[in-house]
Number of protein chains: 2
Amino acid sequence: MLRNSASDVPRRRGRPPAGGREAILAAALELLRERGIARVTAREVAALAGVSEASVFYHYKDRAGLLRAVFEQGLQPLKELAESVARAGPDLHQVLVRYAITLEQFLDQALPVMAAAQSDVALRDAMAEYMTEQDLGPHRGVAALGDFLAAEQAAGRVRAEVDPHATAMLFVGACYTRAAQRQMPAHVAELPSLEEVIDAFEALLAPA
Amino acid sequence: MLRNSASDVPRRRGRPPAGGREAILAAALELLRERGIARVTAREVAALAGVSEASVFYHYKDRAGLLRAVFEQGLQPLKELAESVARAGPDLHQVLVRYAITLEQFLDQALPVMAAAQSDVALRDAMAEYMTEQDLGPHRGVAALGDFLAAEQAAGRVRAEVDPHATAMLFVGACYTRAAQRQMPAHVAELPSLEEVIDAFEALLAPA
DNA sequence: GTCTATAGGTTGATAGAC
DNA sequence: GTCTATCAACCTATAGAC
């Protein structure tokens, strides 16, 4: 599925890597998202990646090793979040839009992976350890947005009574909830749209 | 563990139920929350419930049937949420406190169950169907709080520019995020406390 | 690095006695 | 309703050849 065909990079000595390792990881992530972690077995991963079962164990030692790699890959894009706020223009509205879209996109990818880690204590602990090491978590997003709001407040563009970080929490929470609802395949009733949430949030912040 | 001792209800025909069914359900829910769905095997459930493995299949037909029962049990308390808002006093602050606490308590119980359902497509679909039937989901909480805010607004106790439902979404989201973070065993950094969030939210709503 | 073959262990589910 | 005993299916992981 994702195996390399002949590419144009300069030849190296020895047998070229066939890309099996990457194909296995990609297959595992795809299976995890589409069919749930219970289906991430060496057999199914190998079949989807187009390699043998033994190859899975050769590259990742055991199932836990494979899943750990899947987690790290799945949580990767979070690191771009803080930068996204910094990169955006000085306009509050622009920042909120960019921030919300980036956060929800990340969550759409990461939530299935995080939910999967809850399926077993060992996995849960492994991911917790990883998130602690890397200092990942919602507090990151809250801090980034909170700092920005504090700066806006200092510039007089946000009401003085506002608590920047507690307020950032409200906004992050709305994005989180929307993303979480999207994970449930059958959500009949709609939540407020992103535009409505952003508009409502801005209206609350605006100085009189 | 939860087996009946002699009770005072009038005698029925035939062999009285020994309480095995309830013990099995309770054991499955406990295992699910504490060790993850992967450990919810007939063997472990039976051991914890103090019954035989065959008994599990007798009462719930198959694994899917047992897990479906666990979901229904785990999502039960949600129905009390809307009532909780209605029951609370007329004071905005009181309502927010009561609402947030009720919602977070519910989520602490329900989130592990919802995450577990993501572990396999079949379970995921089964729970989605159940939630659709029962019209469960975050929109319920948003609607309940939004309606209340709209009433407060009509009474002049909330700023006129506020969009009640989009704003309710912000508040629900903050509770959701706090509860979700609690699910991750190792959250080093703190999020804003419930008091801070409630105070910030009230400050945003207050008329000038 | 990748394969085939297989060991060794769990699991879901059924049969049949009590 | 509950038990013991059992089985086929499936899983992780290793050994050893290429």
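Order of the sequence lines fixes the chain letters, A, B, ..., with proteins taken first and strands second; residue numbering starts at 1 for each chain.
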Between the protein and nucleotides 6-10 of chain D, are there any N/O to N/O pairs under 3.5 Å, and if so, what are the atom names and distances?
none

Of the listed nucleotides (D/dT4, D/dA13, C/dG12), which one gets closest to any side-chain atom of A/Phe57?
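Within the option list, the nearest is D/dA13.
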
With sequence neighbours excluded, tell me which residues meet side-chain hydrogen bond (donor to acceptor under 3.5 Å, both in side chains) with B/Asp125.
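By the side-chain hydrogen bond (donor to acceptor under 3.5 Å, both in side chains) rule, B/Asp125 matches no residue at all.
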
Could you report the tightest heavy-atom contact between A/Ala28 and A/Val40, atom names first, then the distance?
O-CG2, 4.0 Å

Taking [Y]'s backbone N and O only, do any of them form a donor-acceptor pair with [X]'s side chain (distance below 3.5 Å, no angle check)?
X        : Y        : result
A/Arg33  : A/Gln109 : yes
B/Gln153 : B/Pro164 : no
A/Arg63  : A/Ala42  : no
B/Gln181 : B/Ala189 : yes

Contacts to DNA chain C from residues 58-68 of chain A, heavy-atom cutoff under 4.0 Å, which residues?
A/Tyr58, A/His59

B/Glu44: what forms a salt bridge (Lys or Arg N to Asp or Glu O under 4.0 Å) with it, not counting sequence neighbours?
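With sequence neighbours excluded, B/Glu44 shows a salt bridge (Lys or Arg N to Asp or Glu O under 4.0 Å) to B/Arg35, given in chain and number order.
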
Given side chains that start at C-beta, do those of B/Leu75 and B/Met114 come closer than 4.5 Å, heavy atoms only?
yes

Are any non-hydrogen side-chain atoms of A/Thr41 and A/Leu31 less than 4.5 angstrom apart?
no

Does B/Ser55 reach a base, just sugar-phosphate, or nothing at all? Heavy atoms under 4.0 Å.
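Since only primed, P, OP1 and OP2 atoms lie under 4.0 Å of B/Ser55, the category is sugar-phosphate.
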
Using a 4.0 Å heavy-atom cut-off across all strands, classify A/Ala54 as base, sugar-phosphate, or nothing.
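Base contact.
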
Rounded to the nearest Å, what distance is computed from the CZ atom of residue B/Arg21 to the P atom of nucleotide D/dG1?
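B/Arg21 atom CZ is separated from D/dG1 atom P by 9 Å.
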
Pairs of donor and acceptor atoms involving the side chains of residues 171-180 of chain A, under 3.5 Å and at least two apart or interchain, shall be tabulated with distances.
from	atom 1	to	atom 2	distance (Å)
A/Thr177	OG1	A/Gly173	O	2.9
A/Arg178	NE	A/Glu104	OE2	2.9
A/Arg178	NH1	A/Pro192	O	3.0

Mind running a 4.0 Å heavy-atom check of residues 117-126 of chain B against DNA chain D and sending the residues that fall below it, in number order?
none

